[in-house]
Amino acid sequence: MFTFLNSKSLWIGTNMEKFNQIKDALNSKSISYKYKVKNRLGQWNGRGTTRGTFGSFGNQATQMYQYEIYVYKKDFEQAKYLANRE
């Protein structure tokens, strides 16, 4: 089970293609991982969401989501090698 005590963040980014490449590389080596997808424009800023307050004009659609991949600490070095190779 992934917890903050036994896992480490491997990659954070907004590029979905890179995100999928890293996931495929981890799957090919049977490295367990967990990921989170965060909508950056849907965050609350006090009076509503960022998109609701300021709109989305000028924000690229590819930059709307932030992806983060976690792996177990014991697998981190091998996973880091695979992620940098992609």
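All values below come from the heavy atoms of this structure, side chains included, with hydrogens, waters and symmetry mates left out.
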Q: Give a yes or no on whether Tyr33 atom OH has more than 12 heavy-atom contacts from other residues, nucleotides or ligands under 6.0 Å away.
A: yes

**Q.** Tyr70 (side chain) donor-acceptor with Trp11 (main chain) under 3.5 angstrom
**A.** no

Q.
Check the orientation of Phe19 and Tyr35. Use parallel for under 30°, tilted for 30 to 60°, and perpendicular for over 60°.
A. perpendicular

(Q) Using only atom types and a distance under 3.5 Å, with no angle test, would you say the side chain of Lys74 pairs donor to acceptor with the backbone of Asn6? (A) no

**Q.** Heavy-atom pair with the smallest gap, counting every atom of Ala25 and Ser28
**A.** O-OG, 2.7 Å

Q: Output the distance between atom CG (Leu82) and atom CG (Asp24), rounded to the nearest 0.5 Å.
A: 11.5 Å

Q: Begin with the C-alpha distance, continue with both residues' side-chain angles, and end with the deciding distance and a verdict on side chain to side chain contact (heavy atoms under 4.5 Å, CB included) for Lys23 and Asn20.
A: CA-CA 5 Å; Lys23 283 185 3 180; Asn20 287 326; 3.9 Å; yes

Q) Rounded to the nearest 0.5 Å, how far does OG1 of Thr3 lie from OH of Tyr72? A) 8.0 Å

Q) Hey, what do you get for CD1 (Ile22) to CG (Leu10), rounding to the nearest 0.5 Å? A) 6.0 Å

Q. Could you walk me through whether Ile12 and Glu68 pass the side chain to side chain contact (heavy atoms under 4.5 Å, CB included) check?
A. CA-CA 4 Å; Ile12 300 174; Glu68 185 168 9; 3.4 Å; yes

**Q.** Main-chain N/O of Met1 paired to Lys34 side chain as donor or acceptor, under 3.5 Å
**A.** no

Q. Are Phe2 and Ile31 connected, step by step, through hydrophobic side chains (Ile, Leu, Val, Met, Phe, Trp, Tyr) whose heavy atoms are closer than 4.5 Å?
A. no

